[in-house]
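Notes follow once the structure below has been shown.
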Amino acid sequence: MRRTKPRLGRGLGALIATATAAVGLAATPAAAAPAAPAAAPAAPATGQAVQPGQACTAVDLGKRHPFIKSTEVAPTITHFKGWYVTAGSTGYQNVTTSTQSTISVSVGLNGEIKGDFAVEALGTVGAMLGLNVQVNYSSTSSESTSVSWNFNDPGYYGVYKGTKKVTGTYGSLNCNRVQQGDGSWALKWIEGPDSGSYTTYTTLEEGAVRCEDKVPANSIMRKAQGLLDCGSATATAKHPAGPVPSAKADQARHEAEKATMAEKSVKATARTSAPATRAALNCQPDVYRIHVPGKPLNWSAPLLANDGIRLRTSNWTSAHLDNWRLCNVTERNGVLEASLWNWGNGGCATIPANIANQEQAYLTTATCGEDDLQRFYIYRDVPGGSKIGLQNKYTGSMLGHDRYADGELIRQYSSGRQDGTGTYDLVKV
């Protein structure tokens, strides 16, 4: 039997994760072992460039980085076909397999890997595990089902394509003020409230395995061997060359389909849950403007329902659209959570639900309700400083602006604005 070799699926990018978790897309070599990480300066053993407890500065208040909490790697068969080879049918054959299970790359509730945070999270996972994992939005169901194989010996084979499914949970590292043992304050990277799960997979491999073959435990080949009806009449009786049903493979496929449907249902419910009406807001008495530090432009709510919150200069025409109150405020581990109520139009700041999964979705206002899209985590400078960073509770994205200009929309960025334009001044009016 020819030894199994991995084959890169067409149309998929592979992540070459460096020790500093730098992310780049490249084609993966056709080799049995994962590609070695590119040479890079030494980094923490966890593979994360930013660590909890490290110092940060006020320009980092509007940024975040992924924090990998857990990882799990499991061999998974994506395509399979039971196949008989007779003495007269050895040699190269082209076998069309059936989809066994589907793996899609996802981070959090979103399957589309568009934001920097998701790419960095998967890059960190790859660096931690020493694996080349997929970072683009891709699915194993899009792969060709055909396997060309050189069958040297007669027998009952499982012809397969498979991969290592990588799953786990992540958290968000945010910059926030922390009180130290001596009573002083400092800005440090902390584990913020946002968290979620991720799924990705390694380069697809293909091959063929018989019941009698000795293969490594917990390998993709061993997983495929487990789908064969070894010891049954199917495996021992005489059969014509060609496809043979496998009851074990059919059962495993049905279980995988049920699990996929259940996962899709959970995500769909989370995206479409309607907000309940809020009876009343408990707002703090202080009124604030949210300024670009050292500059005159600040957040101004829209007058029109289809417009967004923009950078504007405060003047006599502002009509309190630049005045904000913090409402229903809670605090956990030094991080504030609040709704942002606008004095001018009476609405609460929110990300529109229909575009909440998009990178750079704009911020607007809507009727206040019990809705996580209207809740924000607020990261603060040390006492005496007024600088803050804001993060939407539902999407996990940080708020910022693309350029400093009158009329520029406030938008969400999954990792924040790395140039510091996601840090604002919360100035009491």
Side-chain angles (χ1 to χ4, degrees), residues 57-63 278 280-329 336-352 355-356 360-369 371 373-392 395 397-413 416-429:
T57 66
V59 296
D60 295 317
L61 289 170
K63 306 175 187 178
R278 187 190 301 273
L281 287 174
N282 179 19
C283 295
Q284 295 182 348
D286 292 331
V287 180
Y288 298 94
R289 290 195 181 115
I290 305 174
H291 270 277
V292 176
K295 298 179 183 290
L297 297 182
N298 62 93
W299 288 22
S300 181
L303 279 173
L304 303 177
N306 61 349
D307 197 6
I309 297 172
R310 299 177 181 270
L311 293 179
R312 298 291 190 192
T313 303
S314 295
N315 54 44
W316 65 272
T317 65
S318 297
H320 294 303
L321 291 172
D322 54 2
N323 289 171
W324 301 87
R325 279 189 172 138
L326 305 184
C327 304
N328 291 8
V329 180
L336 294 183
E337 181 187 324
S339 297
L340 305 178
W341 179 81
N342 185 262
W343 188 356
N345 68 15
C348 285
T350 186
I351 302 292
I355 59 171
Q360 298 189 35
Y362 66 89
L363 188 66
T364 187
T365 55
T367 302
C368 297
D371 188 349
L373 283 168
Q374 296 183 7
R375 300 289 287 172
F376 297 87
Y377 300 124
I378 301 175
Y379 302 94
R380 296 171 289 172
D381 199 355
V382 297
S386 59
K387 291 183 173 59
I388 61 168
L390 298 104
Q391 178 183 27
N392 185 264
T395 67
S397 293
M398 309 299 294
L399 301 182
H401 54 274
D402 186 55
R403 65 192 178 99
Y404 179 75
D406 188 25
E408 184 70 15
L409 284 166
I410 303 300
R411 301 179 183 273
Q412 67 171 4
Y413 301 85
R417 296 291 295 167
Q418 297 306 302
D419 61 0
T421 51
T423 294
Y424 295 98
D425 262 335
L426 191 65
V427 179
K428 189 180 297 186
V429 176

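L390 has its side chain within reach of L340: a pair of non-hydrogen atoms, C-beta onward, lies under 4.5 Å apart. In this structure, L409 and L363 have side chains that are not in contact, with every pair of non-hydrogen atoms separated by 4.5 Å or more. Contact annotation: the side chain of R310 never approaches that of I410 to less than 4.5 Å [non-hydrogen atoms, C-beta and beyond]. For the pair C348 and L281, the minimum side-chain heavy-atom distance is below 4.5 Å. Residues N298 and S314 are in side-chain contact: their nearest non-hydrogen atoms beyond the backbone lie under 4.5 Å apart. Considering only heavy atoms from C-beta on, I355 comes within 4.5 Å of Y362 through its side chain. Between P302 and I309 the shortest side-chain heavy-atom distance falls below 4.5 Å. Side-chain atoms of L297 and Y404, non-hydrogen and from C-beta on, do get closer than 4.5 Å to each other.
For the residue pair D406/T313, the side-chain donor-acceptor check at 3.5 Å is not satisfied. T395 and Q412 share a donor-acceptor pair across their side chains, judged by distance under 3.5 Å alone.
Closest heavy-atom contact between Q360 and Y413: CG-CE2, 3.5 Å. The heavy-atom pair separating V427 from H291 by the smallest distance is CG2-CD2, 4.0 Å. Scanning both residues, A366 and T350, for their nearest heavy atoms gives CB-CG2, 3.8 Å. Between N345 and T365, the shortest heavy-atom distance links the atoms ND2-OG1, 2.9 Å. Considering every non-hydrogen atom in both A305 and T364, the closest pair reads O-OG1, 4.3 Å. Taking all atoms of both residues into account, the shortest heavy-atom contact from A338 to L326 is CB-CB, 4.3 Å.
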Problem set entry | Stepwise side chain to side chain contact (heavy atoms under 4.5 Å, CB included) test for S397 and Q391 | CA-CA 6 Å; S397 293; Q391 178 183 27; over 6 Å; no
For this session: Could you check R312 against S318 for side-chain hydrogen bond (donor to acceptor under 3.5 Å, both in side chains), going step by step and ending with a plain yes or no?
Result: CA-CA 9 Å; R312 298 291 190 192; S318 297; over 6 Å; no
For this session: In sequence, state the C-alpha distance, the side-chain angles, and the governing distance for E337 and F376, and then conclude on side chain to side chain contact (heavy atoms under 4.5 Å, CB included).
Result: CA-CA 6 Å; E337 181 187 324; F376 297 87; over 6 Å; no
Exercise. Going through the checks in order, is the side chain to side chain contact (heavy atoms under 4.5 Å, CB included) test met by R325 and D286?
Worked result: CA-CA 6 Å; R325 279 189 172 138; D286 292 331; over 6 Å; no
For this session: Start with the C-alpha distance between Y424 and H401, add both sets of side-chain angles, then the distance that settles ring pair (Phe, Tyr, Trp, His ring centres under 6.0 Å), and finish with yes or no.
Result: CA-CA 10 Å; Y424 295 98; H401 54 274; 5.7 Å; yes
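Under the 3.5 Å distance criterion, the side-chain polar atoms of N392 are matched with a main-chain donor or acceptor of L373. Side chain of D371 to main chain of Q374: no donor-acceptor pair is present (N/O by atom type, distance under 3.5 Å, no hydrogens or angles). Panel note: side chain D307, backbone L304; no donor-acceptor pair is recorded below 3.5 Å. Remark: the backbone N or O of N282 is paired with a side-chain donor or acceptor of N328 at under 3.5 angstrom. Remark: the backbone N or O of D425 is not paired with any side-chain donor or acceptor of K387 at under 3.5 angstrom. Remark: side-chain polar atoms of S339 are not paired, donor with acceptor, to backbone N or O of R375 under 3.5 angstrom.
Between the OG atom in S386 and the CD1 atom in I290 there is a gap of 12.0 Å [rounded to 0.5 Å]. Between the CG atom of D381 and the CG atom of L426 there is a distance of 11.5 Å, given to the nearest 0.5 Å.
Of the residues listed (L311, L321, D322), the one engaging W299 in a side chain to side chain contact (heavy atoms under 4.5 Å, CB included) is L311, and it is the only one.
A salt bridge links R417 and D402; the closest N-O separation between the charged side-chain nitrogens and carboxylate oxygens is under 4.0 Å.
Sulfur-to-sulfur, C327 and C283 sit under 2.5 Å apart at their SG atoms.
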